[in-house]
Amino acid sequence: MNHWLVKSEPVKYSWEQFEKDGNAVWDGVRNYQARNNLQAMKKGDLVMFYHSNEGMCVVGIAKVVKEFYPDPTIDDPRWVVVDLAPHKKLKKPVTLETIKADETLQNIGLIRQGRLSVMPLTKDEFDRILKLGS
DNA sequence: GCCAACGTTGGC
DNA sequence: GCCAACGTTGGC
């Protein structure tokens, strides 16, 4: 199983809304690297849900419920979406500050490539954040 | 609101 | 194919 992290600005789409909806079509990705990551997601993979700009913290874990297919919001075959469903909310959010301060998370994409909105995590990174959030 | 990082576009 | 200009993201 692979592990991922996606970002969302809570103003646009928050974890709370995601939980209320029960599932989400992860649309709007317009970056090739992020797109490639979406395409690599497999059903059942776990995905950290990060609030960018406001909050700046990992708030919960989602699960891939449907693998990639063409983005229905745009007439351009280059872009794809996946379907995500809430899996588990973290007991306490893990802030960017915490992640930056953690020795074992220095190589995380979140820090190294700040602007990427969909990125892979190693199992160690995933487990570490999970632990920090429980 | 500013700015650094970085991706994309378009002229040559 | 290079690179300058420009736009966007996201932390601060």
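Letters A, B, ... are given to chains in the order of the sequence lines, protein chains preceding strands, and every chain is numbered from 1. Note that the structure is predicted; figures quoted are calculated from it, not measured. In what follows, every heavy atom counts, from backbone to side chain, and hydrogens, waters and symmetry copies are set aside.
Atom NZ of A:K88 sits about 9.5 Å away from atom CG of A:L46, to the nearest 0.5 Å. Separating the CG atom in A:L130 from the NZ atom in A:K91 is a distance of 10.0 Å, to the nearest 0.5 Å. The CG atom of A:N2 sits 11.0 Å away from the OG1 atom of A:T122 when rounded to the nearest 0.5 Å.
For A:D102, the salt bridge (Lys or Arg N to Asp or Glu O under 4.0 Å) partners two or more places apart in sequence, or in a different chain, are A:R128.
Between B:dG7 and A:Q113, a contact under 4.0 Å exists linking OP1 or OP2 to a side-chain N or O. For A:K7 and C:dT9, the shortest distance from a side-chain N or O to OP1 or OP2 is not below 4.0 Å. The phosphate of C:dT9 (OP1 or OP2) has no side-chain N or O of A:K12 nearer than 4.0 angstrom.
Residues of residues 26-38 of chain A that place a heavy atom closer than 4.0 Å to DNA chain B, in numerical order, are A:N31, A:Y32.
Summarising the geometry, the separation between CD on A:E54 and C1' on C:dG11 is reported as 13 Å, rounded to the nearest angstrom. Whole-Å rounding puts the A:M119 CE to B:dA5 C1' distance at 14 Å. Protein atom CE of A:M56 is 17 Å distant from nucleotide atom P of C:dT9, rounded to whole Å. Summarising the geometry, the separation between CD on A:E9 and C1' on C:dC12 is reported as 15 Å, rounded to the nearest angstrom. The nearest whole Å value for the distance from the CG atom in A:L116 to the P atom in B:dT8 is 11 Å. Spacing between atom CG of A:N53 and atom C1' of C:dT8 amounts to 11 Å, rounded to whole angstrom units. The separation between A:H51 atom NE2 and C:dG11 atom P is 12 Å, rounded to whole Å.
Using bins of under 30°, 30° to 60° and over 60° for the plane-to-plane angle, the ring pair A:W26/A:Y13 lands in the perpendicular bin.
Here A:Y50 and A:W15 keep their ring centres 6.0 angstrom or further from each other.
Partner A:I129 forms a side-chain contact (heavy atoms from CB on, under 4.5 Å) with one of A:T98, A:V94, A:D124 and no other, that one being A:V94.
Side-chain atoms of A:L96 lie closest to C:dC12 of the nucleotides C:dC12, C:dG10, B:dC6. Among the nucleotides B:dC6, C:dG10, C:dG11, the one closest to the side chain of A:R115 is B:dC6.
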